[in-house]
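Here the structure is laid out as structure tokens; the discussion comes afterwards.
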Amino acid sequence: MIKISKQGHHLIVLITVLMLFSYLMQNYADEHILMVANFIGISIILAVSLNLTNGFTGLFSLGHPAFMAIGGYTTAILTFPIAKRALFLPDFPEQLANIQLSFVPALLIGGLLAATIAALVGFSVLRLKGHYLAVATMGFLIIVQVMINNFDSITRGPTGLNGLEEFTTIYWVYGWVFVTIYTAWKVKFSSLGRSMLAIREDEIASKSLGINLFSTRNLAFVLGAFFAGIAGGLWAHLVTALTPNTFSLIMSFNIVLIVVVGGTGSITGSIIAAILFTLFTELLKPIEESFSLFGLSQIIIAVILILVLIFKPKGLFGSSEPEFLR
Amino acid sequence: MSFDYIVQQIANGITLGSMYALVAVGFSMIYGIMRLINFAHGDIVMIGAFTTLYLLQNIGLPLPIVAIMVLIVGFGVGMLVEKSIFLPMRGSPQVTGFIASLSLSIMLQNFGILILSAQPRNFNFPEYMNSIITVSTIKFKVLDVVIIVTTIVLVIALLLLINKTKLGIAIRATAQNLDVARLMGININRVIMLTFAIGSAIAAVAGLMWGGKFGQIDPLMGYIPGLKAFVAAVIGGVGSIPGAILGGFILGISEVLFVGLMPPEYSSFRDAFVFIILIVILIVMPNGLLGKNMEDRA
Amino acid sequence: MLKIKNIDVYRGSTHVLHHLNLEVKDGEIVSLIGANGAGKTTTLRTISGLLRPKNGEILYKTDTNSHPIDTTSLPPNEIVKLGISHTPEGRGIFPQLTVKENLLVGAYNRVDDQIESDLLSMYNMFPILQKRSRLDAGKLSGGEQMMLSLGRALMSRPKFLILDEPSLGLAPLIVEQIFDMLKRINEQGVTILLVEQNAVMALELSSRAYVLETGRIVLEGESADLITNKKVQDAYLGGAES
């Protein structure tokens, strides 16, 4: 018998659960439930990856949807059928006109581009601290939105891109859910992860321990952005349409909320909070629409966050994982 | 481009700058005393605008009385918000307060949508406010003059309050050193609440002006003034009241000139430029023009 | 005047003060000495209400005949009203308030009409403060700031004065002036609790003293006895008193 470590054991359980879940959803769930399952998966990717940035280093970034937008638009544009471009994007730059990729490479390029831009942005912005960093990343989000709105030759501006192909399946989504969780877990329980948590706990102390603050922070930021880019690509080819307004401050707020409620630093917390959040908003949607109480779910969510910040500022799980998983 | 044109643009910039200054002053005071970036500050502007609309058009009160009532409403909302949300968070990390203010902002906006719907409403001031005064070649609406004069009056009143009264000394003492202020017997919770309320009251009055100036209001309108106030406060040095006023005018005038003098195809980049300026100032000149040394910024 | 009974104080999860007992009688000068990190400042901050003890109580009597008041759970501003004034470590002046405003903040809770005349008597006591009255306090020298801090404390007309390291960072000559001043203030009926690194000066000024080590009182007694105590000499007086 091969001896399997506890970690390896968890890994097998996780893969089995995700595969079984995806299989059941794909074959037995109706279209609406399948959609919700996909949204849950994307929320998990977003929350866990933001947790890589926010949770482990204490860097509060509101820029996650910006990286999502970069990944989403990149994937959508690179996979856009050449035949349809003349109609939808008549002013498409010539250098790119004959490039059309299949979904997976396009998705990876989208993620990598988001990561590259994160590295450039991080280089200047990560000098800021705490709430100033939060504001600067929010500014970055707005800047990306404005850019997308104005570069209509490749993005179609405010109209957005629609009629994208439905590449995203539940297997892709939960495949990436696995990769995200696995990476976050590996990072958290590596020496790098420990230095990240050290930065969060005490900046001066970790400086004196010889941890390179700047590059560790930057790495956390870049890694988070990569997965946000992937989530954006998945999102684009799930809902088959993209507009700049999708990637709004509200979205950013919702992802932050998931991380805070789950407990900044806790991967399990982010996963559970992402599931609860998505189910909650999906359940409230019909109520909002049939009673025309628009804004109700957002109000309830905002109130919940404020209550959590007051009464349980460390969230459901603090920054730790449940005992039986460690 | 004539000289008159530029002077006219500057005059417009002063009107705009007055409103920015009023919002920025409260923002800066609140930051100064509780180190909170209050993202919901702009939404107080929205509340002020809708209060004005209701009192003016539904009840039909005269404008000066409306203005005073808006001041009171803003004060009350500020008090309520501080006491129910920020007081229980005293002592938490700064980012917690910021996230809470973001929640508050989203809550207020969605309350607005829920109660009032997202549809913009027309906002009409009495006719005389729109009549035109000509000073040599520069044209002013009465409204512009009212905005500028009200701003001057409010700013002077605020500076007197801050510099000459016991409460003002307590506010400044609390902003400089919270613990020592407590040792002096200052009830800091009360002082912080009053500061928050005063800042909110002034922002609400700015909402009255904003509605009059732009003619349309909606529940999401607070975003832009909130954002501009933040930029203005950062330009002037967050925490400094004269800095916020100066920053407001600099931002107002440069924005009008930017839009007036630049080719129109760049004007859609306006929001992006505002943020780029903000980020650059935060990194390069974190204390702004008149700000005191704030080591906790960068 | 002040009786601390068995308090335990925590900072976060660190247990800083262990079952601490301390008493200051009417009209005394009591000094509290100990190494850095022993918990001296924590003790003072607990008395003035900035920190809450987890258990135990703090009783305070405004004068000998009055009923003791339990201040354990009062906020700092209520404690100030009882006549307790705390001059914090590092002097705690407000750098961007003028000298005069700093003095006025000291009288924040007073409603009588003698604030102006008290201001003048502070100027008499510290003429330099009058000269600098309109200047931002942050521009004063260290010694001047200490005088301002002391003057500000007196503006509240305290019955009980708490001082945290008044000698810190000051030239010896100025320290001597300050200590003379403290003696005179005490002679006018103000009870004083003094925390000092400079154990010699503290013991010379005070009538009784406590020695604090890692959050526990390890020695207490008449200052005159402690100054000759072998243990105290070795640990805090560095053999300087020879």
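Atom set for the values below is all heavy atoms of this structure, side chains included, hydrogens, waters and symmetry mates excluded. In the text below, chain A, chain B and the rest are named by the order of the sequence lines, each starting its count at 1. Bear in mind that the values here come from a model prediction, so they are computed numbers and not experimental data.
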Contact winner vs chain A - B/L104, B/L227, B/V95, heavy-atom pairs under 4.5 Å: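 Top count of heavy-atom pairs under 4.5 Å with chain A: B/V95.
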Do you know which of B/L36, B/I113, B/I37 has the most heavy-atom pairs under 4.5 Å to chain A?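 Answer, by heavy-atom pair count under 4.5 Å with chain A: B/I37.
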Highest number of heavy-atom pairs under 4.5 Å with chain B among A/V303, A/V125, A/V135, A/V256 belongs to A/V135
Measuring from [X]:[atom1] to [Y]:[atom2], what's the distance to the nearest 0.5 Å?
X	Y	atom1	atom2	result
A/Q298	B/Q109	CD	CD	9.5 Å
A/L296	B/L114	CG	CG	6.0 Å
A/I301	B/I106	CD1	CD1	9.5 Å
B/Q94	A/L133	CD	CG	12.0 Å
B/I85	A/I306	CD1	CD1	3.5 Å

Where [X] and [Y] come nearest, the two heavy atoms and their spacing:
X	Y	answer
B/P88	A/I310	CB-CG2, 3.5 Å
B/L282	A/L128	O-CD2, 3.8 Å
A/A302	B/S103	CB-O, 3.4 Å
A/G139	B/F275	CA-CD2, 3.1 Å

Should B/F39 and A/M138 count as side-chain neighbours, where that means a heavy-atom distance under 4.5 Å? yes
Answer whether the closest heavy-atom distance between the side chains of A/L309 and B/S92 falls below 4.5 Å.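 No, every pair of side-chain atoms sits at 4.5 Å or beyond.
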Please state whether the side chain, the backbone, both or neither of [X] comes within less than 4.5 Å of a heavy atom of chain A.
X	answer
B/I99	both
B/L278	side chain
B/I276	both
B/I279	side chain
B/S84	backbone

Using non-hydrogen atoms only, which part of [X] is less than 4.5 Å away from chain B: side chain, backbone, both, or neither?
X	value
A/L249	side chain
A/F294	both
A/F140	backbone
A/S297	neither
A/L257	neither

Over 12 non-hydrogen atoms of neighbours within 6.0 angstrom of [atom1] in [X]:
X	atom1	answer
B/Y223	OH	yes
A/F123	CZ	no
B/R190	CZ	no

Identify, with sequence neighbours excluded, every residue that meets side chain to side chain donor-acceptor pair (under 3.5 Å) alongside B/T96. none
